[in-house]
Amino acid sequence: MLRKSANDIKIMKDKEPIVCLTAYTAPIARAIDGSVDLMLVGDSLGMVLYDYENTLQVTMNQMIDHAKSVVGATTKSCVIVDMPFGSYEESSNKAFKNAARLMQETNCNGIKLEGGYKISKTIKHLTESSIPVMGHIGLQPQSVLIDGGYKVKGKLKSEWQKYIDDAKAVENAGAFAIVLEGMTEPLAAEITSILNIPTIGIGASPKCNGQILVTEDMLGLTNVAPKFVKKYATLDKNINDAVQAYVYEVKKRIFPSKEHIYHMQPEIVKNNK
Ligand code: KIV
């Protein structure tokens, strides 16, 4: 099975739901490769792995290091990498330089950046320069300081037009798909029906063409619990149980046992007698 491309994701729009998860490290990436259509090396890694307060501190070097390990550990799922805050807003040229660096140094399948109409000129420049781009509108975590928090969008119909215009601008700029984050169901449904490219929802209802979650959230490895997260496992408890068993066995000298010990070769034992 060949690795899925951005274009393979694009043409899934009306065929079947598109399954996406984040991956920041080789072990998680290896475990989900091929099961998900798309893996996102999201800048949420700043909060999940580094305990930052928000995603604004994440750097290009961090994104490159994590993306290299995710791409290196996988062969099947499409791998998209987030452009971190500060790497693309200033100008289309700066965005191209950083996006090209992400593509060349990590061998990923494309990049994602946040923003609608305002950033559409940059998206156009990137797609016309052969870089597959995934958009991201609605709740934009990189704008949390100016937005005054993580607020759901589209609760009032009077707000809708802005998000519809944003979505259309991202599509017209050549994006292959768009993330809709933190959005009411009717607005997500409206955008999904207007666009020809797939919408990938996170907290944006089943009306989207696909879904994405932060893997550590759905596995129960984080203690954040937004309404939209469903925990499919409680791995924090499994890890704790395993560690307690290890602690017990080391204290009682049960581990390491015979099968974990290296032995000398018989003839060496003889010569040393
Ligand atoms: O950074 C991230 O993980 C994202 C999501 C869409 C989950 O942007």
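The residues of the chain are indexed from 1 along the displayed sequence.
Side-chain atoms of Tyr88 and Asn98, non-hydrogen and from C-beta on, never get closer than 4.5 Å to each other. In this structure, Gln140 and Asp147 have side chains that are not in contact, with every pair of non-hydrogen atoms separated by 4.5 Å or more. Counting only heavy atoms from C-beta outward, the side chains of Pro132 and Met103 approach each other to under 4.5 Å. Side-chain atoms of Phe176 and Ile197, non-hydrogen and from C-beta on, never get closer than 4.5 Å to each other. Considering only heavy atoms from C-beta on, Ile137 stays 4.5 Å or farther from Tyr117 through its side chain. Counting heavy atoms from C-beta outward, Glu185 and Pro206 have side chains that approach closer than 4.5 Å. For the pair Asp82 and Ile111, the minimum side-chain heavy-atom distance is 4.5 Å or more. Between Glu114 and Glu181, every side-chain heavy-atom pair lies at or beyond the 4.5 Å cut-off.
If you chain together hydrophobic residues whose side chains sit under 4.5 Å apart, Trp160 and Ile191 fall into the same group. Placement of Ile11 and Val79 in two distinct hydrophobic clusters is found when ILVMFWY residues are connected by side-chain heavy-atom separations under 4.5 Å, directly or transitively. When hydrophobic clusters are built by joining Ile, Leu, Val, Met, Phe, Trp and Tyr residues whose side-chain heavy atoms come closer than 4.5 Å, directly or via intermediates, Val152 is not grouped with Ile164. Connection of Val19 to Ile200 is established within a shared hydrophobic cluster, with ILVMFWY side chains joined at heavy-atom distances below 4.5 Å, either directly or through further cluster members.
Interatomic distance, Leu38 CG to Ser5 OG, rounded to the nearest 0.5 Å: 10.5 Å. Atom CD1 of Ile261 sits about 5.5 Å away from atom NE2 of His263, to the nearest 0.5 Å. The structure places CG of Leu49 at 10.5 Å from CG of Leu221, a figure rounded to the nearest 0.5 Å. Rounded to the nearest 0.5 Å, atoms CG (Leu187) and CG (Leu156) are 11.0 Å apart. Rounding to the nearest 0.5 angstrom, the gap separating the CD atom in Glu216 from the OG1 atom in Thr222 is 7.5 Å. Taken to the nearest 0.5 Å, the OG atom of Ser120 stands 13.5 Å off from the NZ atom of Lys168.
Looking at Ser77, its side chain never comes within 3.5 Å of a backbone N or O of Met39 through a donor-acceptor pair. In this structure a side-chain-to-backbone donor-acceptor pair under 3.5 Å is present from Thr127 to Ala173. Of the possible donor and acceptor atoms, one in the side chain of Thr59 sits under 3.5 Å from a partner among the backbone N and O of Gln62. Distance alone, capped at 3.5 Å, places no donor-acceptor pair between the Glu128 side chain and the Ile123 backbone. Put simply, the side chain of Arg3 never gets that close to the backbone of Cys78: no donor and acceptor are under 3.5 Å apart. Using modelled atom types, one side-chain atom of Glu171 and one backbone atom of Asn196 make a donor-acceptor pair closer than 3.5 Å. Between the side chain of Thr192 and the backbone N or O of Thr199, no donor-acceptor pair lies under 3.5 Å.
In Ile146, the CD1 atom is not crowded: 12 or fewer heavy atoms of neighbouring residues, nucleotides or ligands sit closer than 6.0 Å. Gln244 CD: more than 12 foreign heavy atoms inside a 6.0 Å radius.
The only option from Arg101, Glu105, His66 that meets the side-chain hydrogen bond (donor to acceptor under 3.5 Å, both in side chains) definition with Asn61 turns out to be Arg101. Partner of Tyr24 under the side chain to side chain contact (heavy atoms under 4.5 Å, CB included) criterion, chosen from Thr215, Val214, Asp43: Val214.
Residue Lys76 comes nearest to Gly34 through the heavy atom pair CB-CA, 3.7 Å, listed as atom of the first residue, atom of the second, then distance. In terms of heavy-atom proximity, Ala188 sits nearest to Cys208 at CB-SG, 4.1 Å. Across Gly135 and Val170, no two heavy atoms sit closer than the pair CA-CG1, 3.9 Å. Taking each heavy atom of Val71 and Asn107 in turn, the nearest pair found is CG1-O, 3.7 Å. Here the closest non-hydrogen pair linking Val133 and Leu126 is CG2-CB, 3.7 Å.
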Q | side-chain contact (heavy atoms from CB on, under 4.5 Å) between Ile28 and Leu219, intermediate numbers included | A | CA-CA 11 Å; Ile28 294 276; Leu219 292 179; 4.2 Å; yes
Q. Can you list the steps and then say if Phe96 with Ile131 is a side-chain contact (heavy atoms from CB on, under 4.5 Å)?
A. CA-CA 9 Å; Phe96 175 74; Ile131 297 179; 3.7 Å; yes
Q.
I'd like to know whether Leu102 forms a side-chain contact (heavy atoms from CB on, under 4.5 Å) with Met60, so could you lay out the CA-CA distance, the side-chain angles of the two residues, the decisive distance to 0.1 Å, and finally the verdict.
A. CA-CA 8 Å; Leu102 283 175; Met60 276 290 293; 3.9 Å; yes
Q: Starting from the C-alpha separation in whole Å, work towards a yes-or-no answer on side-chain contact (heavy atoms from CB on, under 4.5 Å) for Leu40 and Val179.
A: CA-CA 11 Å; Leu40 174 71; Val179 169; 5.8 Å; no
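Residue pairs satisfying the salt bridge (Lys or Arg N to Asp or Glu O under 4.0 Å) criterion with at least one member in residues 219-239, sequence neighbours excluded, are listed as follows: Lys237-Asp241. Listed by first and then second residue, the salt bridge (Lys or Arg N to Asp or Glu O under 4.0 Å) pairs involving residues 4-33 are Lys4-Asp37 (not counting sequence neighbours).
Tyr248 forms part of a hydrophobic cluster together with Ile254, judged by ILVMFWY side-chain heavy-atom separations under 4.5 Å. When hydrophobic residues (I, L, V, M, F, W, Y) are linked wherever their side-chain heavy atoms come within less than 4.5 Å, the members clustered with Phe255 are Tyr246, Val250. Residue Leu145 is found in a hydrophobic cluster whose other members, listed by chain and number, are Met47, Leu56, Phe85, Leu139, Val144, Tyr150; membership requires side-chain heavy atoms under 4.5 Å apart, directly or through intermediates.
Under the salt bridge (Lys or Arg N to Asp or Glu O under 4.0 Å) criterion, Glu90 pairs with Lys94, sequence neighbours left out.
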